[in-house]
Amino acid sequence: MNKPLDSDVLAASTAQVGVGRPHESAHLHVAGEAPYVDDLPELAGTLHCALGLSPVAHGVLNGISLDALRAEPGVVSILTADDIPGVNDCGSIVRDDPILAQREVRYLGQPVFAVIARTREVARRVAARAKEALQIEPRPAVIDPLDAHARGQYVLPPMHLQRGEARAAIDGAPRRLQGTFEVGGQEQFYLEGQISYAVPRENDGMLVHCSTQHPSEMQHLVAHALGLHAHHVQVECRRMGGGFGGKESQSALFACVAAVAAKQLGQPVKLRLDRDDDFLITGRRHCFRYAYEVGYDDEGRVLGAEVTMVSRAGHSADLSGPVMTRALCHFDNAYWLPDVAMHGYCAKTNTQSNTAFRGFGGPQGAIAIENILDSIARTLGKDALDVRRLNFYGPGQSTPYGQPVVDNVIHELVAELEATSDYRARRAAVNAFNDTSPVLKRGLALTPVKFGISFNVKHFNQAGALVHVYTDGSILVNHGGTEMGQGLNTKVAQVVAHELGVPFESVRVTATDTHKIANTSATAASTGSDLNGKAAQDAARQIRERLAACAAALFGGETAAVRFAGGVISVGGRSLPFAELVTKAYQERVQLWSDGFYATPGLSWNRETLQGRPFYYFAYGAAVSEVLLDTLTGEWRLLRADVLHDVGRSLNPAIDIGQIEGAFIQGMGWLTMEELVWHPTSGALLTHAPSTYKIPTANDCPADFRVRLFDNDNAEDSIHRSKAVGEPPLLLPFSVFYALRDAVSAAGGHRVDPPLSAPATGEALLRAIEAVRAGAPR
Ligand code: MTE
Ligand code: HPA
Ligand code: MOS
């Protein structure tokens, strides 16, 4: 018989939350033993699918001739839109996203047909012959978002968020600044590409193993595509090799195609994308274009601001609406903007449909105000930190969308970072260095972050969990969240272990499964542990209360006095191992499993006026970056980065620091090296592989990287007073971008505002250096 898991574990420290521990699968990750969808043993008869893609960006689909392709050896079937038994749509919110193109093609790379073959190689080789099978009458394509904006071509109606009289405030201000700016898109570049493995089950059932952040949405969309109900479809995801937002909605097309094929053929079908196809088919972070005008005073205080943001939504709405909403709700970042008017346009272009990416529009919104403040400071000849600080929210102030900022810690946090990073002394050292160095220039910047936590769609802020305690004392947890490397399962297991007073090793979290937890939200908006941690705690608490009542009845004492700690239960002067109590409770017929539920309290949102309380709380942070720029080549290095970030009372400091480091480097990649290029007329994405699209590597991490957690409990009653960590730190590397802008500015003697947009690639930096050197002093 197995030894009870916790018989002799009387751990000195009994707290299971607030301790750094490795990711629950770390030992499997490093050994290559953590199974992803493609690693699951294939069932006999498994077929493989590949997609035939549109070779033009826009056109009328006049016909598809598949006879020659069907005749290829190894091909089992080729599906088109006409073979979809249910609805040909996999849109997340708006029903404007065909699974397979019908009548028209809307971007180069759009799936038009699906080849199912005995091997993946045959499927891919045949699908690659799409050009010869498709009869398309080309139409002019709109690739650039500003072209679409000029034509009034949008995927959703424009959005306006305003407070006060921005125009009057700008006109009445002592100083004014007008400008444009842009940031590029970004590929999620999850290491595990999009994949679905569909397995037909009895009586119309369909099981889909899917790499997805949103199993419930996959379940519904597959059911719609098959013309079945949700209860026919089971979606399972043990883990993803990264999602970063790219599998929040866009795993759907592949789940639907695999399921439709599996249904038609009555055999398991796997659809795993090649990296190039993943680039060509799926969307990514929205690039944004901005036009702004602000009025400010002689010290640099913003008095009025008006900004127009145009995003490249791509051919369909997907999540572009909530992304733009989050962008508008983050234009304030950490700053009080008394009179402000914002306008958001989701431009419809003949490109991949852009989607969620870590930050979800928040980074795109906040960087616009950072750019404005950076320019104001340069104009006034002030240190940008002083101008930023002057504009920080103060007591009693609220956001442009009407949410009071009651948990503001940005003053204390920035003051602490300013001191620990030695900001002022380093500013002086940078200036001294630049005075004597004509070619190499240093730059330094400190930027703050305030990021709103909750889905900006109210009803998504709920979660469920299921906790089983088995009679040997071992515990199995299921919850609605998905694991994509962020450590959610580790944190949820810690919460359950803590609640039941057992060692972490007693708790196992298993695959996310729509048959276990129903109606889940996407694991997104950084809310995974906030929502599912609370739901799992609720389930564990119910079990603990039943066990406590049982212990008190058996051994005497008060139910409320029963203690659960270190794998031991103590009551009425007696103590016994958790597993022994569990066995006794079972014999007393106590229910040893429970569901749990959580809904974030206090949220409200008016989608028409864009007013309310969309966020439960804010997460704060700040970073100081110092760069060294070679003004002859545009090459640069991040010499040192200091980060102070607010994760509330951390559930797991080791994982949180990993999230902060990862987000920092990922955000730095977005702003400095990751560049997407579409051919301006054909609409072909030219940067569709790692050979042409560069993401940061370990080499790009600063040699001196100091990440610390800010000591701060969540003011709200979140799970153990922690704060969400997944996305907010992606905004910290704004400091890298503004340090680069500072270095470029130094090349022109700080007389000219550098015309530098993101990504600040080597070429962009060189152009900006040339411009500041040529520019007339103001
Ligand atoms: N970390 C890893 N390792 N892999 C990922 O795909 N996704 C990010 C972030 N951190 C991601 C990650 C994004 S976009 C979000 S919204 C959150 O994790 C989601 O998980 P959480 O809510 O549990 O933090
Ligand atoms: N983040 C991620 N996904 C979402 C959000 C959000 O704020 N709102 C709706 N879907
Ligand atoms: Mo994250 S972009 O909300 O998946």
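Values below: every heavy atom of this structure, side chains too, minus hydrogens, waters and symmetry copies. Order of appearance sets the numbers: ligands from 1, and atoms from 1 within every ligand.
If you number the atoms of ligand 1 from 1 as listed, the ones under 4.0 Å from a heavy atom of G485 come out as 2 (C), 3 (N). Residue G243 approaches ligand 1 through these ligand atoms, each under 4.0 Å from one of its heavy atoms: 5 (C), 6 (O). Here is the list of ligand 1 atoms found below 4.0 Å of a heavy atom in G242: 6 (O). Listed by number with element, the atoms of ligand 1 under 4.0 Å from a non-hydrogen atom of A524 are 16 (S). For ligand 1, the atoms lying closer than 4.0 Å to a non-hydrogen atom of G245 are 14 (S). Here is the list of ligand 1 atoms found below 4.0 Å of a heavy atom in E727: 16 (S). Listed by number with element, the atoms of ligand 2 under 4.0 Å from a non-hydrogen atom of N456 are 5 (C), 7 (O), 8 (N), 9 (C).
Ring geometry for Y36 against H29 counts as parallel: the plane angle stays under 30°, on a 0 to 90° scale with 60° as the upper cut.
A side-chain donor-acceptor contact under 3.5 Å links S211 and E192. Looking at R284 and T355, their side chains never bring a donor and an acceptor atom within 3.5 Å of each other. Between Q162 and Y401, the side chains place no donor N or O within less than 3.5 Å of an acceptor N or O (distance only, hydrogens not considered).
The ring pair (Phe, Tyr, Trp, His ring centres under 6.0 Å) check on F734 picks up nothing, with sequence neighbours excluded.
Between atom 4 (C) of ligand 2 and the options F460, F615, F360, the minimum heavy-atom separation is to F360. When the heavy atoms of G241, P728, G726 are ranked by distance to atom 17 (C) of ligand 1, first place goes to G726.
From the protein, the heavy atom lying nearest to atom 3 (N) of ligand 2 is E248 OE2, 2.6 Å.
Residue F357 places no N or O, backbone or side chain, under 3.5 Å from any N or O of ligand 1.
Protein residues are said to neighbour a ligand when one of their heavy atoms lies under 4.0 Å from it; for ligand 3 these are Q213, G245, E248, A356, F357, R358, A524, A525, E727.
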